[in-house]
> 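I am attaching a structure below and will ask some questions about it afterwards.
Values in this document were obtained by computation on a predicted structure and should not be read as measured data. All residue numbers refer to positions in the sequence shown, counting from 1. Because only heavy atoms are used, hydrogens play no part in the values below, and waters and symmetry mates are left out as well, while side chains stay in.
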Amino acid sequence: MLCRNPVRLTRDSSRKSVTKRGVVKLAKFKHIQIPTEGEKITVKNKNLVIPDNPIIPVIEGDGIGRDIMKATRRVVDASVEKTYGGKKKIVWMDIYAGENAQKLYGTVMPDETFTAIKQYIVALKGPLTTPVGGGFRSLNVTLRQVLNLYACVRPVRYFEGVPAPVKHPEKMNIVIYRENTEDVYAGIEWEKGTKDCKTVIDFLNKKFKLSIRSDSGIGVKPISVTATKRLVRKAIQHAIDKNRKSVTLVHKGNIMKYTEGAFRDWGYKLATTEFRDKIVTEDEVTTKYNGKAPEGKIIIKDRIADSMFQQILTRTDEYEVIATPNLNGDYLSDACAAQVGGLGMAPGANIGDFVGLFEATHGTAPKYADKDMINPGSLILSACMMLEYMGWEEAAKKIERSIEQTIRNKTVTYDLERQMEGATKVSTSEFATHIINNMP
């Protein structure tokens, strides 16, 4: 992980932190209760320093978040206990967003929630609903933009026994790195018929001799060198760390040459400049190596977005790590998840230089709230990503193996049970109990 200006953080009994200019007291929280036990995750020499009892902020979430977060915390606590025999423990710290925050603060996104995540670095989040007229386009997008969580990371893999609409779901095992701050997520647009929209249309038509219809809405799609490089850098580093064989840049550069096409070009340049000893381009494999990549080299390649949608179905196992602008990654990650059980089994994270926010990829499903019936798999697997991010891979793998065994046993929540012959339907909390009991 990289940071331009890493700051070493420390903790003492008076709960102070170190800034560039010296020791200052942490911000006082109005409603967040800091645990009396536990320590902060810190940063030293551009690396996370994880104590044995890290304080992890957790946003319960709205709707079904209440059910799935309870289940997730139970599963994570059990795995950490069984894996490390009491030598390690997560100390959860409740923070607030969405409906819970509205009740406490009078706003759905209080400032101290941002502050807590920044100070404690690693956090877990349930799904949130953005209230109509609430002043936010999206609470999830707001968190990502304010905290500069520029990489949306979505691993998609098959768990044996999960119902799938394709013949060979086991071929799916990819990680998608989707840029989080630009493209459509920049949210730069003007509504049809407004004065500002007319000004933009008139300027573009006159200045660049375009023919934009006067009854159009207008949006701007920025893609920068800065955002592209930091995303592609993370994707390639992941491939190196996890011994993956390829990184694919997915874009629509055949049409959008100076945004998505530039994403491709900047991605290749970053790869060949910063990772030259680790990578080889697909073109080089063809022209220099007779179609076979040198041993130990990661292949950097690119695909047009619409072609990639076809190939992720027909040539699934040819792709391992994908780096892409925002909108392409949005569609592609959900399309991949659909092949291996849907969003109920799809984890996700939003990561910056150091701060990582791990969250379920689905919505709040309010009609199922408090009914103890929803599949908690997405959030549990997101917590596994969190454990891996902390370096607690053994605890993460224990959960993943146990989930797979639970599915093989056909004791599953209704979304899977209705697709599996001979399965037994269990509640959210019962599913968590089965996962815990199946841990070695």
> Taking the side chain as everything from C-beta on, heavy atoms only, tell me whether Lys297 gets closer than 4.5 Å to Tyr289.
no
> Kindly write out the residues that satisfy side chain to side chain contact (heavy atoms under 4.5 Å, CB included) with Ala78, not counting sequence neighbours, or none if the list is empty.
Ile436, Met439
> In plain terms, say whether Lys229 and Glu274 are close enough for a salt bridge, that is, a side-chain N and a carboxylate O under 4.0 Å apart.
no
> Under the side chain to side chain donor-acceptor pair (under 3.5 Å) test, which residues partner Lys252, sequence neighbours left out?
Asp306
> Looking only at non-hydrogen atoms, find the nearest pair between Leu139 and Thr129 and report the distance.
CD1-O, 3.4 Å
> Where do Met93 and Gln33 come nearest, in terms of heavy atoms and distance?
CG-O, 3.6 Å
> At what distance, to the nearest 0.5 angstrom, does NZ of Lys118 lie from OG1 of Thr113?
11.5 Å
> Under the salt bridge (Lys or Arg N to Asp or Glu O under 4.0 Å) rule, collect the residues that match up with Glu282, sequence neighbours excluded.
Arg303
> So, Arg244 versus Asn173: side-chain donor-acceptor pair below 3.5 Å or not?
yes
> What closest approach, in Å, do Thr83 and Ser79 show between heavy atoms, and which atom pair accounts for it?
OG1-O, 2.6 Å
> Can you list the residues that meet the side chain to side chain donor-acceptor pair (under 3.5 Å) rule with Tyr158, with sequence neighbours excluded?
none
> Are the side chain of Thr273 and the backbone N or O of Leu270 linked by a donor-acceptor pair below 3.5 Å?
no
> Starting from the C-alpha separation in whole Å, work towards a yes-or-no answer on ring pair (Phe, Tyr, Trp, His ring centres under 6.0 Å) for Tyr414 and Phe431.
CA-CA 10 Å; Tyr414 86 98; Phe431 187 61; over 10 Å; no
> Report yes if some heavy atom in the side chain of Glu189 is under 4.5 Å from a heavy atom in the side chain of Val184; otherwise report no.
no
> With side chain to side chain donor-acceptor pair (under 3.5 Å) as the criterion, how do Ser427 and Ser429 come out once you've worked through the C-alpha distance, each side chain's angles and the decisive distance to 0.1 Å?
CA-CA 5 Å; Ser427 66; Ser429 54; 3.2 Å; yes
> How would you list, by chain and number, every residue that makes a side chain to side chain donor-acceptor pair (under 3.5 Å) with Thr286, sequence neighbours excluded?
none
> Begin with the C-alpha distance, continue with both residues' side-chain angles, and end with the deciding distance and a verdict on side-chain contact (heavy atoms from CB on, under 4.5 Å) for Glu179 and Thr324.
CA-CA 6 Å; Glu179 207 289 317; Thr324 179; over 6 Å; no
> Mind checking whether Tyr105 and Tyr96 have parallel, tilted or perpendicular rings, split at 30° and 60°?
tilted
> For residues Ala360 and Leu379, report the shortest heavy-atom separation together with the two atoms involved.
N-CD1, 3.7 Å
> Between Asn140 and Lys125, does the side-chain contact (heavy atoms from CB on, under 4.5 Å) criterion hold? Intermediate values first, please.
CA-CA 10 Å; Asn140 295 320; Lys125 184 184 83 64; 2.7 Å; yes
> Quick test of your reading: applying side-chain hydrogen bond (donor to acceptor under 3.5 Å, both in side chains), list the pairs with at least one residue in residues 254-265, sequence neighbours left out, ordered by first then second residue.
Lys221-Glu260, Glu260-Asn328
> Grab the two heavy atoms, one from Lys371 and one from Asp67, that are nearest each other, plus how far apart they are.
N-OD2, 3.3 Å
> Looking at Trp392 and Pro54, what are the two nearest heavy atoms and their distance?
CH2-CD, 3.6 Å
> Would a 4.5 Å heavy-atom cut-off, applied to side chains only, mark Asp94 and Ile32 as touching?
no
